[in-house]
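A, B, ... follow the sequence lines: proteins, then strands. Residue 1 opens every chain. What's counted below: heavy atoms across the whole structure, side chains too, no hydrogens, waters or symmetry copies.
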Amino acid sequence: MPARARDAILAHYHRTARDLPWRVGPRANHRPDPYRVWLSEVMLQQTTVATVTPRFAAFLERWPDVEAMAAAPLEDILQQWAGLGYYARARNLHACARAVAERGGFPETEAGLRELPGIGAYTAAAIAAIAFGEDSVVIDTNVERVVARLHALDRPVKSAKGEIARLADPLFDSVDSGQMAQALMDLGATICRPKNPKCSECPAQADCKAFASGTPEAFPPKPPRKQRPERHGTAWWIEREGKLFLVRRPEKGLLGGMAALPGTDWNDGTPDENPAISVRHVFTHFALTLSIEERDAPPDQTEGWWQPLDRLDEAGLPTLYAKAVKAFAKAERSGPLTA
DNA sequence: AAAACGGGGCG
DNA sequence: CGCCCAGTTTT
């Protein structure tokens, strides 16, 4: 039974494969550039294809190969990454590029790739399969969902990793793992979607127990999610002679290593009463209300630099601070702050 | 085993 | 406005 689903999924992929900039089509007789596969895979960690596509092109134009990226300063990588989130990925990208350039190229096995910074189980398996033709079993959330539905797995994925791996294995048996990995990703993205799956278009419908159940969307069951705490803080707008005072956040922790407005710590509890300007930003694990206040000078012993306001885009501010700048500019144009 | 870690797009 | 996404690292 799994062999039929396997073949149907692969055949469907050959007919309908999405044309993606980092992808070599199913009809090509060569493997894609490992550098491009790696870069796209890292970008696609927790980030959608639509968001990644233009950012991938910009990275590739600036750094056409791993040696070029390895030669760039970390600061440039972070600036180019700004807005993509999960900034540890950018730091690991830089460290990985240097390690790969140092050793003269990408390792060609899953085990070798797994040793590199920012490359975990999924990404190692994906690069090994897609770029090097290794017979790895590639399991990401798409594959987990497809497999859970094929078998009507009624336990949360989180508590059934072993079982998922066992059930995924036959899908990769005796086929090109790279093709199957990409086939399953397309299937998960376009047909076997988390919500409103298009079972009528699915090549594996006849072998799908979730479809047979009549409620395919119920698989796999989602664990209860926990609530998000509220935090608040203040960022300081310190402007002098057309320049804005910026700081660099600590390497470790939230928005690590990124450019930022200086400000207070972010605390739990009740926010400031009636701030003139504030922005709201929702992180994975808490929601932040950030007030923006004008200030004449940086606090003593605050390390930072003066960024020309007409070159603020070059600072590489993450989205939270880009929002703050936008909110301040808008208030300044219309409000009484500097009127 | 669980928490930390961003942001954008969609219904 | 809540949910989800081509996960990895740290605790």
Side-chain angles (χ1 to χ4, degrees), chain A residues 17-18 20-23 32 36-56 78 81-93 95-96 113-131 136 138-146 156-162 177-178 180-190 192-197 217 220 222-229 231 249-258 260 279-288 290 316-323:
Chain A
R18 291 179 291 175
L20 302 174
W22 47 85
R23 176 177 277 181
R36 299 183 189 212
V37 175
W38 162 70
L39 178 59
S40 66
E41 289 296 342
V42 172
M43 286 186 161
L44 287 161
Q45 291 167 7
Q46 309 293 281
T47 307
T48 56
V49 166
T51 300
V52 165
T53 298
R55 307 298 299 266
F56 175 81
L78 292 175
W81 194 271
L84 274 174
Y86 286 105
Y87 297 96
R89 289 187 294 169
R91 294 194 298 279
N92 286 332
L93 195 73
C96 186
L113 289 159
R114 184 65 183 78
E115 298 303 309
L116 293 166
I119 299 188
Y122 160 72
T123 306
I127 298 173
I130 296 169
S136 50
V138 185
I139 301 179
D140 72 325
T141 55
N142 286 307
V143 179
E144 287 173 350
R145 185 172 58 256
V146 169
V157 164
K158 177 166 47 64
S159 67
K161 296 283 188 184
S177 283
M180 178 54 76
Q182 294 175 92
L184 289 169
M185 303 204 189
D186 276 19
L187 187 68
T190 63
C192 198
R193 307 176 297 188
K195 289 194 290 192
N196 303 317
E217 189 176 320
K222 293 175 282 283
R225 54 205 166 277
K226 46 186 180 292
Q227 61 168 27
R228 230 185 319 249
R231 293 188 194 171
R249 294 179 60 86
E251 286 296 318
K252 301 250 178 187
L254 193 71
L255 305 175
M258 299 302 291
V279 294
R280 184 169 174 77
H281 191 77
V282 180
F283 292 92
T284 310
H285 50 301
F286 68 92
L288 175 70
L290 185 68
L317 289 172
T319 298
L320 167 64
Y321 293 107
K323 280 185 192 173

Would you say [N] has OP1 or OP2 under 4.0 Å from some side-chain N or O of [X]?
{"X": "A:Gln46", "N": "C:dG7", "result": "yes"}
{"X": "A:Thr141", "N": "C:dG7", "result": "yes"}
{"X": "A:His285", "N": "B:dC5", "result": "yes"}
{"X": "A:Thr51", "N": "B:dG9", "result": "no"}
{"X": "A:His281", "N": "B:dG7", "result": "yes"}
{"X": "A:Tyr87", "N": "B:dG7", "result": "yes"}
{"X": "A:Arg145", "N": "C:dC5", "result": "yes"}

ask   = Starting at the 5' end of DNA chain C and moving along, which residue's nearest nucleotide shows up first, A:Thr47 or A:Ala121?
value =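 Taking each residue's closest nucleotide, the earlier one in sequence belongs to A:Thr47.
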
message = I want to confirm an ordering. Mapping A:Ala88 and A:Lys195 to their closest nucleotides on DNA chain C, which one lands closer to the 5' end?
response =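 Nearer the 5' end of the strand: A:Lys195.
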
Kindly point out which of [options] is positioned nearest to the side chain of [X]?
{"X": "A:Met185", "options": "C:dA6, B:dC5, B:dG7", "result": "C:dA6"}
{"X": "A:Gln45", "options": "C:dT8, B:dG6, C:dA6", "result": "C:dT8"}
{"X": "A:Pro194", "options": "B:dC5, C:dC5, C:dA6", "result": "C:dC5"}
{"X": "A:Asp140", "options": "C:dA6, C:dT9, C:dT8", "result": "C:dA6"}
{"X": "A:Thr284", "options": "B:dC5, B:dG7, C:dG7", "result": "B:dC5"}

Would you classify [X] as touching base, sugar-phosphate or nothing, given that sugar-phosphate means primed atoms plus P, OP1 and OP2, and contacts are heavy atoms under 4.0 Å?
{"X": "A:Tyr122", "result": "base"}
{"X": "A:Leu20", "result": "base"}
{"X": "A:Leu184", "result": "nothing"}

Donor-acceptor pair, distance only, cut-off 3.5 Å: does the side chain of [X] make one with the backbone of [Y]?
{"X": "A:Ser159", "Y": "A:Pro156", "value": "yes"}
{"X": "A:Arg228", "Y": "A:Phe283", "value": "yes"}
{"X": "A:Glu217", "Y": "A:Asn196", "value": "yes"}

Report the distance from atom [atom1] of [X] to atom [atom2] of [N], rounded to the nearest whole Å.
{"X": "A:Arg89", "N": "C:dA6", "atom1": "CZ", "atom2": "P", "answer": "12 Å"}
{"X": "A:Arg91", "N": "B:dC5", "atom1": "CZ", "atom2": "C1'", "answer": "9 Å"}
{"X": "A:Leu44", "N": "C:dT8", "atom1": "CG", "atom2": "P", "answer": "12 Å"}
{"X": "A:Glu41", "N": "C:dG7", "atom1": "CD", "atom2": "P", "answer": "9 Å"}
{"X": "A:Trp22", "N": "C:dA6", "atom1": "CH2", "atom2": "P", "answer": "11 Å"}
{"X": "A:Tyr321", "N": "B:dG7", "atom1": "OH", "atom2": "C1'", "answer": "15 Å"}
{"X": "A:Trp81", "N": "B:dG8", "atom1": "CH2", "atom2": "P", "answer": "13 Å"}
{"X": "A:Leu290", "N": "B:dG7", "atom1": "CG", "atom2": "C1'", "answer": "16 Å"}

inquiry  = Would A:Arg231 and A:Phe286 count as a cation-pi pair here, with the cationic atom under 6.0 angstrom from the ring centre and within 45° of the axis?
reply    =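 Cation-pi check for A:Arg231 and A:Phe286: passes.
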
Rounded [atom1] spacing from [N] to [M] in Å:
{"N": "C:dA6", "M": "B:dG11", "atom1": "P", "result": "14 Å"}
{"N": "B:dG6", "M": "C:dT11", "atom1": "P", "result": "14 Å"}
{"N": "B:dG8", "M": "C:dT9", "atom1": "P", "result": "23 Å"}

task = For A:Leu254 and for A:Asn196, locate the closest nucleotide of DNA chain B by heavy-atom distance; then report the residue assigned to the nucleotide nearer the 5' terminus.
result =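 Checking each residue's closest nucleotide, the 5'-ward one belongs to A:Leu254.
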
inquiry  = Can you work out whether A:Lys158 or A:Gly83 has the more 5'-proximal nearest nucleotide on DNA chain B?
reply    =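 Mapping each residue to its closest nucleotide by heavy atoms, the 5'-most match is A:Lys158.
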
request  = Check whether the side chains of A:Arg89 and A:Gln45 place a donor and an acceptor atom closer than 3.5 Å, and report yes or no.
outcome  =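 No, no side-chain donor-acceptor pair sits under 3.5 Å.
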
message = Does atom CZ (A:Arg36) have a neighbourhood of more than 12 heavy atoms from anything else shown, all under 6.0 Å?
response =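 Counting neighbours around CZ of A:Arg36, 12 or fewer heavy atoms of other residues, nucleotides or ligands fall under 6.0 Å, so no.
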
key: Sole residue of A:Thr47, A:Thr53, A:Thr48 in side-chain hydrogen bond (donor to acceptor under 3.5 Å, both in side chains) with A:Thr51   =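 That would be A:Thr48.
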
